Amino acid sequence: MKEKTCCFTGHREISTENIIAIKPILQKTIIKLIKKGYIYFGVGGALGFDTLVEITILELKLLYPHIKLILVFPCEDQTKYWKKEDIEIYEKIKNKCDKYVYVSKNYTNDCMLKRNRYLVDYSSCCVCYKTNNIGGTAYTVKYAEEKGIDIINIAKEIM
């Protein structure tokens, strides 16, 4: 299953201009992966890039109904401090995904780290939107590199 699984990681803060630029590149990248035999797409359920990926995969499921969206949440109370509209989108995506798991019941200092490692550990490819070398996205990409999995940084196609 690992050889048919791709995970995603990216920044939470993305300008509207960059979201518009990212979307078609993300779609093309996912379609290429589907054509290579990827079926399972693991995403961390965060705001920003994760939400964009989740929406894109749900849209692509209309054309490729065999693909699966798997959400890996850091904790059950992840949305505790989110805006109402973001929680509504999160719940819609959660209700449409094929599977979701929590790595922790409640928030802990390392639940995000555990979520990111979980995503990488069960994947053979990592698609990222990484524009700098600090933060959770940079850590996750570095961890993926250490694990020897393929990395596709779609930010390179925008810059």
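Just so it is clear, the structure is predicted and the values come from calculations on it, not from any experiment.
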Chemist: Going by an N to O cut-off under 4.0 Å, is there a salt bridge joining E54 and K92?
Modeler: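 Between K92 and E54 there is no salt bridge, as every charged N stays at least 4.0 Å from the carboxylate O atoms.
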Chemist: Please answer whether the main-chain N or O of Y107 pairs with a side-chain N or O of D77 as donor and acceptor at a distance below 3.5 Å.
Modeler: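 Confirmed, D77 side chain pairs with Y107 backbone.
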Chemist: Regarding Y143 and D121, do their side chains bring together a donor and an acceptor under 3.5 Å, going by distance alone?
Modeler: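 Checked: Y143/D121 side chains pair up, N/O donor to acceptor below 3.5 Å.
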Chemist: Is I57 close to I55 at the side-chain level, that is, under 4.5 Å between some pair of heavy atoms?
Modeler: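 The answer is no, as the side chains (C-beta and beyond) never meet within the 4.5 Å cut-off.
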Chemist: Does Y100 have K94 sitting over its ring (NZ/CZ under 6.0 Å from centre, angle to axis within 45°)?
Modeler: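 Output yes; distance and angle both within limits.
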Chemist: Give me the atom names and distance for the closest heavy-atom approach of C6 to S123.
Modeler: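 Minimum heavy-atom separation between C6 and S123: C-OG, 3.8 Å.
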Chemist: Is the backbone N or O of G10 less than 3.5 Å from a side-chain atom of T137, with the two atoms forming a donor-acceptor pair by type?
Modeler: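 Present.
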Chemist: State whether the number of non-hydrogen atoms from other residues, nucleotides or ligands found under 6.0 Å of E17 atom CD is greater than 12.
Modeler: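 Result for CD/E17: open.
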Chemist: For a side chain to side chain contact (heavy atoms under 4.5 Å, CB included) check, start with the C-alpha distance between F73 and R115, then their side-chain angles and the critical distance, and finish with the verdict.
Modeler: CA-CA 6 Å; F73 299 122; R115 185 259 327 262; 5.9 Å; no
Chemist: Are E146 and K142 within salt-bridge range, i.e. N to O under 4.0 Å?
Modeler: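 Yes, this pair counts.
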Chemist: Go through the structure and list residues passing ring-ring contact (aromatic ring centres under 6.0 Å, His included) with Y118, not counting sequence neighbours.
Modeler: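 With sequence neighbours excluded, Y118 shows a ring-ring contact (aromatic ring centres under 6.0 Å, His included) to Y122, given in chain and number order.
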Chemist: R12 side chain to G48 main-chain N or O, any donor-acceptor pair under 3.5 Å?
Modeler: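 Looks like no, no N/O pair under 3.5 Å.
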Chemist: Do S124 and Y38 have a side chain donor and acceptor closer than 3.5 Å?
Modeler: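 Short answer, yes.
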Chemist: Going by heavy atoms in the side chains, are T9 and Y129 under 4.5 Å from each other?
Modeler: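 No, too far: nothing below the 4.5 Å cut-off.
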Chemist: Can you list the residues that meet the side-chain contact (heavy atoms from CB on, under 4.5 Å) rule with T79, with sequence neighbours excluded?
Modeler: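 Scan of T79 (side-chain contact (heavy atoms from CB on, under 4.5 Å), adjacent residues dropped) gives W82, I87, Y90.
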Chemist: Table please: side-chain donor-acceptor pairs of residues 27-37 below 3.5 Å, with sequence neighbours left out.
Modeler:
| residue | atom | partner | partner atom | Å |
| --- | --- | --- | --- | --- |
| T29 | OG1 | I25 | O | 2.8 |

